[in-house]
Amino acid sequence: MEWFIDLFTKQTFIQAIIVLSLICAVGLACNKIKFKGVSLGVTFVFFAGIVAGHFGLEIDPQMLLFAQNFGLILFVYSLGLQVGPSFFPSLKKGGLKLNLLSFTVLFLGTLMAVGAYLLTGISFPISMGLLSGAVTNTPMLGAAQQALMDIHPDALETSNEMAMACAVGYPFGVIGVILCVVILRSVFQKKEARKETHDNPTFVAEFEISNPAIFGKSIKEIMKDVKFHLVVSRVWKYSVRDEQSPMGIVIIPNGDTVLEEGEHVLVLCKEAEKGMAEKLFGRAVKKDWNKKDIDWNVIDGQLVSRHVLVTKDKVNGAKLGDLHLRNSYGINITRVNRAGIDILPSSNLRLQMGDKLTIVGQSKAIDNVAQVLGNQEKELRNPNLFSIFAGIIFGLILGSIPLMIPGMSAPIKLGIAGGPIIIGILMGAFGPRLHIATYTTHSANLMLRQLGITIYLAGLGLSAGPGFFEKVMRPEGLVWIGVSLALVLIPVLIVGFIAGRLCKVDYSSNVGMLCGIMANPIALNYALSTVDDDEPSVAYATVYPAGIFLRVISAQLLILLLC
């Protein structure tokens, strides 16, 4: 029996693997524990590690450091790789507004963390640990710990106290954001429900071509002088008939489609601009095309809508306009989905491996387009391990470059969190232009991320466990709890009200943005239960990449400046 006890107590590499795996298994088993439908998810691994460390379970410090850091590197690089394709498109148009608002949350929270350090007497590393927990951002904690150890290699105890502070702030970060969502829902969602019928951004209307000024002109010529945005999605060509459609056919138009007198068009525009569209095309047909029960398959007849995947290497990085798909095959690409973000298709958009295109057209034409793009899902199942390991190498090299800033006693390094996430984002965004296959399936990327963050949290909790409860039970522990709640509630509610009142951001995008900058998928799940669409997920993905990057970098800068 002694050999069995040695497996858990004698410090060997086998013991290290067993202990970390045990902590991970116990923590993940606790995922089922929920309070009013809310679970802390993978964070239970963190607390399982704290309990194990509290009761004296320990492993070789060097092995613990390796496992913890490698887990963090694997997580942040995989995260950068996943969000990279949508990182720069998300900054455009509405995404720019959401990111600016999210940066305001980040700025206010950071300012408050500095204020807590100056006003409450807690040390600045502790304040950063509380902030990392309040924003549920463990990569931020890892970056701050590494920056602290770079300038003070003997500050291991302080580094562990930062982890303790993060553990205190984390549950209040989860609960606090959910409470903010509840408050914002009560203020904004009911008002938006009353306005919804008067402001439908996707209004569909039918017109009969009766304006002589556009008879015989192409859509490209007609749209040249139009000052408002609209899309002609369908044209009824009564002059073209076949056996299946003796009264004429429905086509998906392109810029060269010529409109003739008496034809009907289906137009997407804002409801407030329907009158201007009627002046342009002619008489409006009194039919409600905005009902949810419309069967578009019956209307389109021989037209179908299908998803086609980009899986051919030669298409990876190619501009959509250079492929001439619309004019060559008579199809219409209505949407490009990349890493969960819908991107407006344009001629300058570069396709990337794994892009999912929504195409409308005749079935045979879509089959031909599918051959051009690949559409072989099995090709996407093979993981591109070369790009993963090569990216980690370059990320660590970048993170190790010392950057001297005037007035600072020590050089700044992006570190094991900042370097890999930057390279991951760049590889995901620009790798296809260099014909580097960086695509991994969502499930494969999620597996890498979950594996990395689970190992990291297990090691982090194990290192923070000794002395954790003694520290929290002291009066200063109450101060930590109060600061954590303030770091969550004040910035989120202030920016939430500014976004809803002044910036006119709708409730769904507002709460999704706030969950994203707070890196809080648990709160996002709750937010999704309060709406009927996936707008919170889109907003979350829009601000998350830049948010986590700035959190990681700002943590290091502040530690170097104030420690």
Side-chain angles (χ1 to χ4, degrees), residues 13 16-17 20-21 24 28 42 45 63 65-88 138-139 142 309-318 337-341 350-356 373-401 414-459 541 544-545 548-549 552:
F13 74 91
I17 294 173
L20 288 173
S21 298
C24 293
L28 293 173
V42 73
V45 176
M63 292 182 184
L65 194 62
F66 169 78
Q68 190 174 321
N69 288 338
F70 186 70
L72 178 62
I73 291 166
L74 196 61
F75 171 74
V76 296
Y77 178 73
S78 301
L79 179 66
L81 201 61
Q82 178 70 12
V83 303
S86 60
F87 182 81
F88 294 102
T138 46
L309 293 169
V310 176
T311 61
K312 278 192 175 179
D313 287 337
K314 66 179 182 181
V315 181
N316 188 29
N337 186 277
R338 176 177 298 164
I341 297 289
R350 290 185 182 271
L351 296 178
Q352 297 188 9
M353 195 76 76
D355 282 354
K356 182 189 290 185
L373 300 178
N375 200 37
Q376 297 295 318
E377 188 173 356
K378 63 181 181 181
E379 295 292 331
L380 300 178
R381 295 174 186 167
N382 298 322
N384 296 298
L385 294 178
F386 170 79
S387 62
I388 293 173
F389 287 111
I392 288 176
I393 292 171
F394 287 114
L396 292 176
I397 292 173
L398 177 63
S400 301
I401 298 174
L414 295 174
I416 61 172
I421 197 173
I422 290 176
I423 294 297
I425 290 173
L426 294 177
M427 288 279 278
F430 301 109
R433 299 192 183 190
L434 304 174
H435 300 287
I436 299 174
T438 59
Y439 176 82
T440 57
T441 62
H442 179 71
S443 58
N445 188 280
L446 184 61
M447 178 70 177
L448 288 173
R449 278 188 285 157
Q450 289 294 89
L451 179 64
I453 194 64
T454 302
I455 294 173
Y456 170 68
L457 289 175
Y544 185 82
I548 196 169
F549 168 70
V552 167

Interatomic spacing from [atom1] in [X] to [atom2] in [Y] - rounded to 0.5 Å:
| X | Y | atom1 | atom2 | answer |
| --- | --- | --- | --- | --- |
| Asn69 | Ile455 | CG | CD1 | 12.0 Å |
| Phe70 | Ile392 | CZ | CD1 | 5.5 Å |
| Tyr456 | Leu20 | OH | CG | 13.5 Å |
| Ile453 | Leu72 | CD1 | CG | 7.0 Å |
| Ile388 | Tyr77 | CD1 | OH | 7.0 Å |

* **Exam field: side chain Thr311 to backbone Gln376, donor-acceptor pair closer than 3.5 Å** =>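 Indeed, once roles are kept as given, a pair shorter than 3.5 Å links the two residues.
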Specify the closest pair of heavy atoms between [X] and [Y], including all atoms of both residues, with the distance to one decimal.
| X | Y | answer |
| --- | --- | --- |
| Ser78 | Arg449 | CB-CG, 3.5 Å |
| Thr454 | Cys24 | CG2-SG, 3.4 Å |
| Lys312 | Gly374 | CG-CA, 3.7 Å |
| Met63 | Ala16 | SD-CB, 3.7 Å |
| Pro420 | Leu396 | CG-CD2, 4.2 Å |
| Asp355 | Arg350 | OD2-O, 4.3 Å |

* To do: In sequence, state the C-alpha distance, the side-chain angles, and the governing distance for Val45 and Leu28, and then conclude on side-chain contact (heavy atoms from CB on, under 4.5 Å).
  => CA-CA 6 Å; Val45 176; Leu28 293 173; 4.0 Å; yes
* To do: Go through Leu373 and Leu351 one step at a time and tell me if the side-chain contact (heavy atoms from CB on, under 4.5 Å) criterion holds.
  => CA-CA 10 Å; Leu373 300 178; Leu351 296 178; 4.0 Å; yes
* **Other residues, nucleotides, ligands: >12 heavy atoms within 6.0 Å of Phe394 CZ** => no
